[in-house]
Amino acid sequence: MPPLPLPRRPYKSRAIWDETRKPGASKMSYVRAVLYELQPTRFSDIDIPATMLSIRQNASILYNTVSEVTQIVYEFVKHLDRREWTMIGAFGIWLYVVRFAHR
């Protein structure tokens, strides 16, 4: 006869993250969740100079992309007239009503 399966328990990680989703969760619960996820990471195996270089490169790319997108959005918004702003507002109100109705 095969052995009986172990009872299924929720993962500890899930329970920790569920604690952060509770209303009024403390900042310490977020810290615990992040530290729990980082727990298996061996920082002695990480190549620090290469990692720092990668972080700098990614930050530079992110900064350039965000600044370009911000400039494009600003130029777009600057040229909207009153009718277009009214349509955007009506669309926003419609989204809010639909979201409220489907709760």
Side-chain angles (χ1 to χ4, degrees):
M1 185 167 151
L4 294 173
L6 294 173
R8 295 193 86 190
R9 292 182 295 149
Y11 294 110
K12 185 172 183 178
S13 175
R14 177 158 181 127
I16 292 173
W17 282 107
D18 285 344
E19 189 69 29
T20 63
R21 290 187 193 97
K22 289 182 180 176
S26 68
K27 291 182 182 181
M28 197 62 191
S29 62
Y30 289 102
V31 171
R32 281 191 197 105
V34 170
L35 289 177
Y36 181 81
E37 296 300 332
L38 291 176
Q39 181 181 355
T41 305
R42 291 183 182 241
F43 290 105
S44 61
D45 295 342
I46 296 175
D47 183 14
I48 300 296
T51 303
M52 293 304 292
L53 178 63
S54 175
I55 290 171
R56 279 192 213 111
Q57 289 171 342
N58 291 333
S60 174
I61 291 169
L62 181 65
Y63 175 78
N64 291 335
T65 304
V66 167
S67 64
E68 288 177 18
V69 169
T70 303
Q71 192 173 14
I72 291 168
V73 168
Y74 175 74
E75 289 297 320
F76 174 76
V77 168
K78 189 167 75 170
H79 295 291
L80 292 177
D81 62 6
R82 186 176 189 167
R83 180 173 172 262
E84 292 165 333
W85 278 111
T86 304
M87 294 297 286
I88 290 171
F91 182 70
I93 291 170
W94 177 77
L95 282 177
Y96 178 77
V97 168
V98 167
R99 193 175 124 216
F100 181 77
H102 285 96
R103 277 192 189 174

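Throughout, residue positions are numbered sequentially from 1 according to the sequence presented.
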Common cluster, Y74/V77, ILVMFWY with side-chain heavy-atom separation under 4.5 Å: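 Different hydrophobic clusters.
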
Show the atom names and distances, to 0.1 Å, of all donor-acceptor pairs under 3.5 Å that link a side chain in residues 16-25 to residues at least two apart or in another chain.
unit_1: W17; atom_1: NE1; unit_2: E37; atom_2: OE2; d: 3.0
unit_1: D18; atom_1: OD1; unit_2: R21; atom_2: NH1; d: 2.8
unit_1: E19; atom_1: OE1; unit_2: K22; atom_2: NZ; d: 3.2
unit_1: T20; atom_1: OG1; unit_2: W17; atom_2: O; d: 2.5

Would you tabulate the side-chain donor-acceptor contacts of residues 60-72 under 3.5 Å, counting partners in other chains and residues two or more places apart, or write 'none'?
unit_1: N64; atom_1: ND2; unit_2: S60; atom_2: O; d: 3.3
unit_1: T65; atom_1: OG1; unit_2: I61; atom_2: O; d: 2.8
unit_1: S67; atom_1: OG; unit_2: Y63; atom_2: O; d: 3.2
unit_1: S67; atom_1: OG; unit_2: N64; atom_2: O; d: 2.9
unit_1: T70; atom_1: OG1; unit_2: V66; atom_2: O; d: 2.6

Going by atom type alone, with no hydrogens or angles, which donor-acceptor pairs under 3.5 Å involve a side-chain atom of residues 82-103 and a protein atom two or more places apart or on another chain?
unit_1: E84; atom_1: OE1; unit_2: D81; atom_2: N; d: 3.0
unit_1: T86; atom_1: OG1; unit_2: R82; atom_2: O; d: 2.8
unit_1: H102; atom_1: ND1; unit_2: V98; atom_2: O; d: 2.8

Validation: residues 47-59 side-chain donor-acceptor distances under 3.5 Å, sequence neighbours left out:
unit_1: T51; atom_1: OG1; unit_2: D47; atom_2: O; d: 2.8
unit_1: N58; atom_1: ND2; unit_2: S54; atom_2: O; d: 3.2

Hydrophobic cluster (4.5 angstrom, side-chain heavy atoms) - remaining members for M28: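 Noted: M28 shares its cluster with V31, L35.
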
